[in-house]
Student: 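After the structure tokens below, expect a handful of questions from me.
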Amino acid sequence: MTTVPHTENSEHHSTLETIRQQRIDQLSHWEREVGVTPYPYRFEKTHSNIELQTQFCDLADGVETEIVVRVAGRVMAIRNTGMFMDCHDPSGKIQLFSHKESLDEACLPLLKLFDLGDIVGAEGTVRRTPRGELSVRVKKVELLSKSLLPLPEKYHGLTDVEIRYRQRYLDLIMNPDTRDTLVKRSKIVSSVRDFLIARDFLEVETPILQHQAGGASAKPFHTHHNALDMDMVLRIAPELYLKRLVVGGLSEKVFELNRNFRNEGISPRHNPEFTMMEVYQAYADYTDMMTLTEELFAHVAQTVLGTTQVAYGDTVLDFTPPWPRRTMAEMVFEATGVDFMAITNDEEARTQGAALGVHVRDFDGWGHVLEQVFEEKVEQTLIQPIHITDYPVEISPLAKVHRSNPRLTERFETRVNGWEVANAFSELNNPLDQRQRFEAQIAERDAGNDEAHHLDEDYITALEYGLPPTGGLGVGIDRLVMLLTNSTNIRDVIAFPTLKPR
RNA sequence: GCGAGUUUAGCUCAGUCGGUAGAGCAAUCCCCUUUUAAGGGAUGGGUCCAGAGUUCGAGUCUCUGAACUCGCACCA
């Protein structure tokens with residue numbers, strides 16, 4: 001839609017192409033008649049726009065200073081044939097006031113040549129207009145980069161969501177909210193990292209290209225290494241590699257901010273590549289991970305937003321620790337009246353699940369049914385932060401059996417706004433048990449569950465050398481950013497979300 | 001993958017019953033030197049998402065396809 005068409009043989013130029021050609025033709029004018037290049041190399045900038053606005057916030061209306069500054073940015077509005085230009089940089093706006101009596105004569109012809117979208121640099125003195133607009137009284141102005149293509153309309157801006165995603169640079173130029181969200185994302189990631197490093201966690205990197213996808217239940221993307229003539233997959237989780245590092249004693253506390261790839265559906269809450277943060281802490285269990293989760297979220301919200309009471313849609317999410325901790329079975333019992341802990345065989349579980357109107361597959365055992373009932377009957381009601389604990393063994397092949405009930409594991413998922421935002425366990429470190437769990441996964445795969453885990457022999461070998469008791473936690477960073485930026489679509493928190501080609 | 005919706009100028013959007021394609025902003029030219037969605041005047045700009053069909057005639061009706069949006073399914 002916004003692709004620039006070729007010019008040859010087109011008698012009827014589109015508006016876009018006409019404008020582009022006019023501006024290309026104009027480039028030689030800049031060099032011939034104005035004597036400047038439209039794409040110079042450097043500009044010495046003394047202030048960002050926010051620095052000027054802050055430094056001169058007390059300057060009274062109508063006051064002229066003698067203070068010389070040099071500013072630069074994109075022209076977003078032109079009034080009175082260039083006498084007034086709004087110059088935007090990432091920090092904000094400053095008005096350039098180029099009066100013919102104070103502008104260098106050599107610069108005067110430039111005013112008629114500037115277009116909306118051009119990047120300009122200006123030198124002049126700071127003043128505030130009688131109507132209160134902080135401005136630079138321009139003495140010299142120069143073109144720093146010529147914009148050949150017209151910007152979207154100034155008042156309504158760019159609202160077409162498809163163009164906003166496909167041409168994010170245009171979205172960023174036109175929509176301050178987009179910039180705010182992505183800047184907040186960066187600050188959130190930084191504060192996650194700062195929080196963990198301050199607690200002596202070591203940041204590490206593990207393979208994205210793997211031979212076998214492990215650490216989660218998901219379909220991977222497949223790729224191929226040419227020189228080795230070897231099929232590979234992109235990771236669906238870094239979990240098994242991070243625990244190998246704990247086995248090796250690289251550190252008792254490790255974390256990775258990791259991009260994962262899952263070959264599944266796209267939705268407002270799912271992007272095929274997404275960012276997670278996983279941490280592992282030796283000698284800790286899942287209760288320690290609950291506390292860590294609460295402290296992490298509270299720290300991030302406080303750092304980025306200045307509060308742990310976060311407005312999201314029509315509600316306020318309260319991240320102030322501590323958060324409720326409830327078992328999955330008791331939440332299901334409260335919602336449905338069915339006590340799954342009293343159900344002792346798979347067939348009865350399937351019968352009860354079906355009776356509740358829940359989708360049940362033939363190979364689903366007690367644990368799968370309990371989880372399914374939870375997801376269909378309970379999950380969407382959990383708005384405020386809550387830890388759902390004690391997941392069934394059969395759906396938690398990497399989590400340690402619960403110390404007080406062999407059907408359950410020491411695992412929790414944190415729910416906020418109905419979404420899973422964290423998943424954590426007391427990590428299974430018994431290699432004999434781990435082998436049996438993998439074998440149960442293989443049986444599930446044979447029974448038709450194509451997202452069951454594979455057996456990873458080297459991972460079991462690592463466990464056989466001894467993994468200390470360890471707590472592990474994964475946090476969905478994209479969803480965390482959504483919650484803290486009041487975003488309803490994951491694409492709004494990812495600069496370049498996955499799209500089909502046009 | 002399924003269902004519903006959207007797609008018209010660079011952008012934001014109108015387009016009635018099937019009868020010559022519209023506005024604002026942006027662009028070009030002119031006027032205007034204290035504006036801030038600057039203002040006034042004039043001008044240019046269209047593969048109506050693509051393809052097929054019905055019709056004397058299709059932006060409009062039918063079918064097929066595409067991209068996007070929302071929902072469902074899928075989703076440790």
Side-chain angles (χ1 to χ4, degrees), chain A residues 1-5 10 12-23 26 61-62 76-86 93-103 108 111-112 115-117 127-135 137 148-167 170 173-174 213-219 236-237 239 260 262-272 274 276 278 359 371 375 391 395-399 411 413 419-420 422-425 441 450-453 472 474 476 488-489 491 497 499-502:
Chain A
M1 177 167 215
T2 52
T3 306
V4 177
S10 54
H12 299 287
H13 284 198
S14 67
T15 311
L16 182 67
E17 178 53 23
T18 303
I19 292 170
R20 178 171 170 273
Q21 199 57 52
Q22 282 167 350
R23 293 190 185 180
Q26 200 197 55
D61 292 355
M76 294 299 288
I78 298 175
R79 294 179 291 277
N80 292 49
T81 325
M83 181 165 63
F84 299 96
M85 292 193 289
D86 287 346
K93 178 188 102 171
I94 192 79
Q95 179 173 261
L96 303 181
F97 173 61
S98 302
H99 197 278
K100 62 182 177 188
E101 288 175 3
S102 41
L103 184 69
L108 205 51
L111 295 185
K112 285 187 179 173
D115 289 305
L116 292 176
R127 67 184 292 252
R128 193 178 291 280
T129 67
R131 297 195 190 183
E133 186 76 38
L134 191 70
S135 308
R137 179 184 284 277
L148 298 180
L149 295 169
L151 293 175
E153 194 236 13
K154 61 186 173 184
Y155 186 54
H156 299 93
L158 181 67
T159 62
D160 184 307
V161 289
E162 188 173 354
I163 300 178
R164 290 183 49 221
Y165 295 146
R166 288 191 191 279
Q167 297 179 275
L170 271 184
I173 289 169
M174 300 307 298
S217 301
K219 299 185 194 80
I236 56 175
E239 172 154 356
N260 291 332
R262 297 189 184 175
N263 207 336
E264 290 160 355
I266 296 177
S267 86
R269 274 165 291 290
H270 299 84
N271 197 63
F274 65 102
M276 226 161 72
E278 287 201 8
H359 177 64
E371 181 195 37
E375 288 188 356
Y391 276 57
I395 58 168
S396 312
L398 300 169
R411 172 184 176 187
E413 288 189 355
W419 308 339
E420 173 196 343
N423 179 27
F425 340 124
Q441 289 291 305
D450 60 359
E451 292 184 352
H453 291 230
T488 56
N489 195 315
R491 289 176 161 181
L499 295 171
K500 293 186 196 174
R502 264 197 95 98

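Worth saying up front: this structure is predicted, and the values here are computed from it rather than measured. Proteins get letters first, then strands, A, B, ... in listed order; numbering begins at 1 in each.
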Student: Sort me out a list of protein N/O and nucleotides 26-30 of chain B N/O pairs below 3.5 Å, or just none if empty.
Tutor:
| unit_1 | atom_1 | unit_2 | atom_2 | d |
| --- | --- | --- | --- | --- |
| rA26(B) | OP1 | Lys154(A) | NZ | 3.1 |
| rA27(B) | O2' | Gln22(A) | OE1 | 3.1 |

Student: Separation of Ile236(A) atom CD1 from rC74(B) atom P, in whole Å?
Tutor: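 Rounded to whole Å, this separation is 18 Å.
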Student: Compare every heavy atom of Gln441(A) with every heavy atom of His453(A), then report the nearest pair and how far apart it is.
Tutor: N-OE1, 2.9 Å
Student: rU33(B) P sits how many Å from Phe84(A) CZ, rounded?
Tutor: 12 Å
Student: Taking pairing as Watson-Crick or G-U wobble with both contacts under 3.5 Å, can you name the mate of rU34(B), or confirm there isn't one?
Tutor: none
Student: In Watson-Crick or G-U wobble terms, both distances under 3.5 Å, what is the partner of rG44(B)?
Tutor: none
Student: Which nucleotide, rA37(B), rU12(B), rU34(B), lies nearest any side-chain atom of Tyr155(A)?
Tutor: rA37(B)
Student: Regarding Glu239(A), tell me which of base, sugar-phosphate or nothing describes its non-hydrogen contacts under 4.0 Å with the strands shown.
Tutor: nothing
Student: Only pairs with both distances under 3.5 Å count, Watson-Crick or wobble alike; so what is the partner of rU64(B) in this structure?
Tutor: rA50(B)
Student: Scan Thr81(A) against the nucleic acid and name what it touches under 4.0 Å (heavy atoms): base, sugar-phosphate only, or nothing.
Tutor: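 It contacts base atoms.
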Student: Which pair of non-hydrogen atoms, one from Glu264(A) and one from Ser217(A), has the smallest distance, and what is that distance?
Tutor: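 Smallest heavy-atom distance, with atoms named: OE2-O, 4.3 Å.
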Student: Does Arg491(A) place a side-chain N or O at less than 4.0 Å from the phosphate oxygens OP1/OP2 of rU69(B)?
Tutor: yes
Student: How close or far is atom P of rC74(B) from atom CD of Glu451(A), stated in whole angstroms?
Tutor: 10 Å
Student: Indicate, with a heavy-atom threshold strictly under 4.0 Å, whether Pro268(A) touches base, sugar-phosphate, or nothing.
Tutor: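 Here Pro268(A) touches the backbone only, sparing every base.
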Student: Rounded off to whole Å, could you give me the CD-to-C1' distance for the Glu162(A) and rA66(B) pair?
Tutor: 10 Å
Student: What is the minimum heavy-atom distance between Gly215(A) and Leu398(A), and which atoms define it?
Tutor: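 Heavy atoms only, the tightest pair is CA-CD1, 3.8 Å.
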Student: Among the nucleotides rU33(B), rG10(B), rC70(B), which one has an atom lying closest to any side-chain atom of Asn489(A)?
Tutor: rC70(B)
Student: Once you apply a heavy-atom cut-off of 4.0 Å, does Gly157(A) come out as touching a base, just sugar-phosphate, or nothing?
Tutor: sugar-phosphate
Student: Taking the side chain of Tyr165(A) as heavy atoms from C-beta outward, which of rU69(B), rU36(B), rC11(B) is closest to it?
Tutor: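 Between rU69(B), rU36(B), rC11(B), the one nearest the side chain of Tyr165(A) would be rU69(B).
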Student: Of all heavy-atom pairs between Gly82(A) and Leu111(A), which one has the smallest distance, and what is that distance?
Tutor: O-CD2, 3.7 Å
Student: Rounded to whole angstrom units, what separation is found between the CZ atom of Arg20(A) and the C1' atom of rG10(B)?
Tutor: 13 Å
Student: Should rU69(B) form a Watson-Crick or G-U wobble pair with both distances under 3.5 Å, which nucleotide is its partner?
Tutor: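 WC or wobble partner is rA4(B).
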Student: Please report, rounded to the nearest Å, how far the C1' atom of rC13(B) is from the CG atom of Leu158(A).
Tutor: 14 Å
Student: Is Asp86(A) touching bases, backbone alone, or none of the nucleic acid, heavy atoms closer than 4.0 Å?
Tutor: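 Contact class for Asp86(A): none.
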Student: For a quick check of understanding: with a heavy-atom distance under 4.0 Å over all strands, which category does Thr129(A) fall into, base, sugar-phosphate or nothing?
Tutor: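 Answer is base: heavy atoms of Thr129(A) come under 4.0 Å of a base.
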Student: His156(A) side chain: which of rU69(B), rC11(B), rU12(B) is closest?
Tutor: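 Closest nucleotide among those given: rU12(B).
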Student: Whole angstroms only, please: what is the CZ-P distance between Arg502(A) and rU7(B)?
Tutor: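 After rounding, the reported distance stands at 13 Å.
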Student: Strictly below 4.0 Å: does Ser267(A) bring a side-chain N or O up to OP1 or OP2 of rU69(B)?
Tutor: no
Student: Ignoring hydrogens and angles, state whether a donor on the side chain of Tyr391(A) or Glu413(A) is under 3.5 Å from an acceptor on the partner side chain.
Tutor: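 The criterion, which ignores hydrogens and geometry beyond distance, is satisfied for Glu413(A) and Tyr391(A).
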Student: Met85(A) near the nucleic acid: base, sugar-phosphate alone, or nothing, with a heavy-atom cut-off under 4.0 Å?
Tutor: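 Nothing: the residue Met85(A), judged by heavy atoms under 4.0 Å, touches no strand.
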Student: Within the distance-only criterion (no hydrogens, no angle test), does the side chain of Arg411(A) pair as donor or acceptor with the backbone N or O of Ile395(A) below 3.5 angstrom?
Tutor: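 Present.
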Student: Within the structure shown, what part of the strands sits under 4.0 Å from Glu264(A) by heavy-atom distance: base, sugar-phosphate, or nothing?
Tutor: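 Result for Glu264(A) = sugar-phosphate.
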Student: Quick one: look up who rG19(B) pairs with, Watson-Crick or G-U, both distances under 3.5 Å, and put none if it's unpaired.
Tutor: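 Check on rG19(B): paired to rC56(B), both distances under 3.5 Å.
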Student: Taking only side-chain N and O atoms of Asn263(A), does any of them lie within less than 4.0 angstrom of OP1 or OP2 on rC74(B)?
Tutor: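 False: Asn263(A) side-chain N/O out of range (4.0 Å or more) of rC74(B) OP1/OP2.
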Student: Show the distances under 3.5 angstrom between N or O atoms of the protein and N or O atoms of nucleotides 1-5 of chain B.
Tutor:
none

Student: Rounded to whole Å, how long is the line connecting atom CG of Leu170(A) with atom C1' of rG10(B)?
Tutor: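 Whole-Å distance recorded here is 10 Å.
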Student: Quick check: on RNA chain B, is the nucleotide nearest Ala237(A) upstream (toward 5') of the one nearest Arg127(A), or the reverse? Name the residue that is more 5'.
Tutor: Arg127(A)
Student: Do any side-chain nitrogens or oxygens of Arg166(A) fall under 4.0 Å of OP1 or OP2 in rA67(B)?
Tutor: no
